[in-house]
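Okay, so here's the structure we're looking at.
Numbering of ligands and ligand atoms starts at 1, following listing order.
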Amino acid sequence: MHRIGIIGCGWIAPFHLAALQKFADRATVAWVADIDSVRADAVASRYSVRAISDYRERLDEVDCVHILLPHHLHCQVTTVCLEAGKHVLLEKPIATSLEDADTMIACAERNARTLMVGYLHRYRKSIQMFKEIVTGGSYGRLFMLDAMMDESLKGYLTGWTSRKETLGGGVFFSSSPHMLDVMLWIAGDVRCASVVGTHGGCNIEGEDTACSILKFENGVIGVTRHTWASPAAPIWYTMEAVCEQARVRLTTSPEGDLFRDGPECAWTTRIEAHGAHDEVLLESGEGLDLTAEVEHFFDCVDTGACPQTDGRAARKIIELVLNAYADAEQRGGL
Ligand SMILES: NC(=O)c1ccc[n+]([C@@H]2O[C@H](COP(=O)([O-])OP(=O)(O)OC[C@H]3O[C@@H](n4cnc5c(N)ncnc54)[C@H](O)[C@@H]3O)[C@@H](O)[C@H]2O)c1
């Protein structure tokens, strides 16, 4: 039975706790920690667990931690936990710099502990099905991927999320990696990537809207389009794959108010193929559910297997993003 500590009781914490509730036979949550006691108490009472303020004082009570903190704290807290012999499930992105990512990867290896980064989408059943469909050959060769995330976050981006130093960049650093991770998983290594960005109305230092183009080593090309300044966010996540004989589209959108409802929010996920004729390949209620991600983490901890989204996989993504930012600077700015 694993004993879990949750470090950070902000927006994403209830999603981790809701997923952990499904593993009562494998894990128990020993405590939730936050420097803000109001936040820690709120999460603790909602999930009937103990609230603490300083995770370092209770690390001896757990063998695994979920680290759900602002990005600039990822390296420092992860290394403390790994050095104390804890397995770590860390929210994305791995860190704000490649140097920090390297420190964390080396620390996990030195201490022989699991370090997994929470890129949840590739663990979702619908995305796994999407990958099988578009790479399986039944619609011919895949040659283009096009992903869009449309989110309305104007009122939510304050504090650490509004500053480049603490977020690591803008939307392309913080959230487009959800799409990049899936694209790299589907199409393999990237040969080159470029990004442009702009401000659509969020009060943050980095770009709130970004588009990127990618060329993969296998010849596939990709596009990401992402805004945090959507006026409505009607569709939260769309990924399209263009194959020789059909365009396959996955959409995932919340039915209710995600910010109000949290893990209780209802979702619709749909996969359609448009080719010689139109087909609906999947209709499900799958949404922002971390169950499969958490299960993979436990499986890796139990068997010693390397997580699919380990430190190195997560490092590749910030390397791609930081190189694209640097390239944009050379062209005169994002
Ligand atoms: N997978 C997803 O779809 C998804 C969605 C949102 C956020 N995230 C990620 O989750 C992480 C947290 O994001 P969030 O939106 O929950 O942020 P948040 O600002 O809502 O919460 C962060 C919490 O960390 C606490 N904190 C700060 N320093 C601390 C410390 N030293 N010890 C303990 N607690 C401390 C803050 O008080 C706050 O409650 C980020 O990495 C973010 O990118 C992932």
Residue, atom name and distance, where the atom is the protein heavy atom closest to atom 31 (N) of ligand 1: Ile35 CG2, 4.1 Å

Pairwise side-chain contact, Glu217 with Val190, heavy-atom cut-off 4.5 Å (strictly under): no

Atom 5 (C) of ligand 1: nearest protein contact (heavy atom, Å): Ile12 CD1, 3.4 Å

Between Thr268 and Glu255, a side-chain donor and acceptor under 3.5 Å: yes

For atom 38 (C) of ligand 1, closest protein heavy-atom neighbour: Arg39 NH1, 3.2 Å

Short side-chain donor-acceptor distance under 3.5 Å, His16 and Glu91: yes

Of the listed options Leu69, Leu258, Ile94, closest to atom 34 (N) of ligand 1 (non-hydrogen atoms): Leu69

Ligand 1 atoms in contact with His178 (distance to a heavy atom under 4.0 Å): 1 (N), 2 (C), 3 (O)

Proximal atoms of ligand 1 relative to His74 (non-hydrogen, under 4.0 Å): 41 (O)

Contact atoms of ligand 1, heavy-atom distance to His71 under 4.0 Å: 40 (C), 41 (O), 42 (C), 43 (O)

Passing candidate, salt bridge (charged side-chain N to carboxylate O under 4.0 Å, His left out) with Arg124, options Glu295, Glu286, Glu293: Glu286

Within-cut-off N or O pair, Trp160 and ligand 1, under 3.5 Å: yes

Distance-only N or O hit between ligand 1 and Asp36, under 3.5 Å: no

For atom 37 (O) of ligand 1, closest protein heavy-atom neighbour: Asp34 OD1, 2.6 Å

Trp228 six-ring face occupied by Lys154 cation (under 6.0 Å, within 45°): no

Under 4.0 Å to a heavy atom of Lys92 - the qualifying atoms of ligand 1, by number: 9 (C), 40 (C), 41 (O), 42 (C), 43 (O), 44 (C)

Contact with ligand 1 for Pro70, non-hydrogen, under 4.0 angstrom: yes

For Leu68, the ligand 1 atoms whose distance to one of its heavy atoms is below 4.0 Å: 11 (C), 12 (C), 22 (C)

Test item, Tyr119 contacting ligand 1 (heavy atom, 4.0 angstrom): no

Nearest non-hydrogen protein atom, atom 21 (O) of ligand 1: Gly10 CA, 3.2 Å

Flag side-chain contact, heavy atom, 4.5 Å: Leu20 against Phe298: yes

N or O contact, Glu91 vs ligand 1, cut-off under 3.5 Å: yes

Within-cut-off N or O pair, Leu288 and ligand 1, under 3.5 Å: no

Part of Leu73 with heavy atoms under 4.0 Å of ligand 1, whether side chain, backbone, both or neither: side chain

Qualifying residue for side chain to side chain donor-acceptor pair (under 3.5 Å) with Asp181, from Arg122, Lys316, Lys92, Gln308: Arg122

His2 side chain to Asp63 side chain, donor-acceptor N/O pair below 3.5 angstrom: yes

Distance-only side-chain donor-acceptor flag, Asp150 / His226, under 3.5 Å: no

Residue part near ligand 1, for Thr161, under 4.0 Å between non-hydrogen atoms: neither

Parallel, tilted or perpendicular, as decided by the 30° and 60° cut-offs, for the rings of His121 and His178: perpendicular

Minimum-distance pair of heavy atoms, taken over all atoms of Ile271 and Ser126: CD1-O, 3.5 Å

Protein residue, atom and distance nearest to atom 6 (C) of ligand 1, heavy-atom basis: Trp11 CE3, 3.7 Å

Test item: side-chain donor near acceptor, Glu151 and Trp236, under 3.5 Å: yes

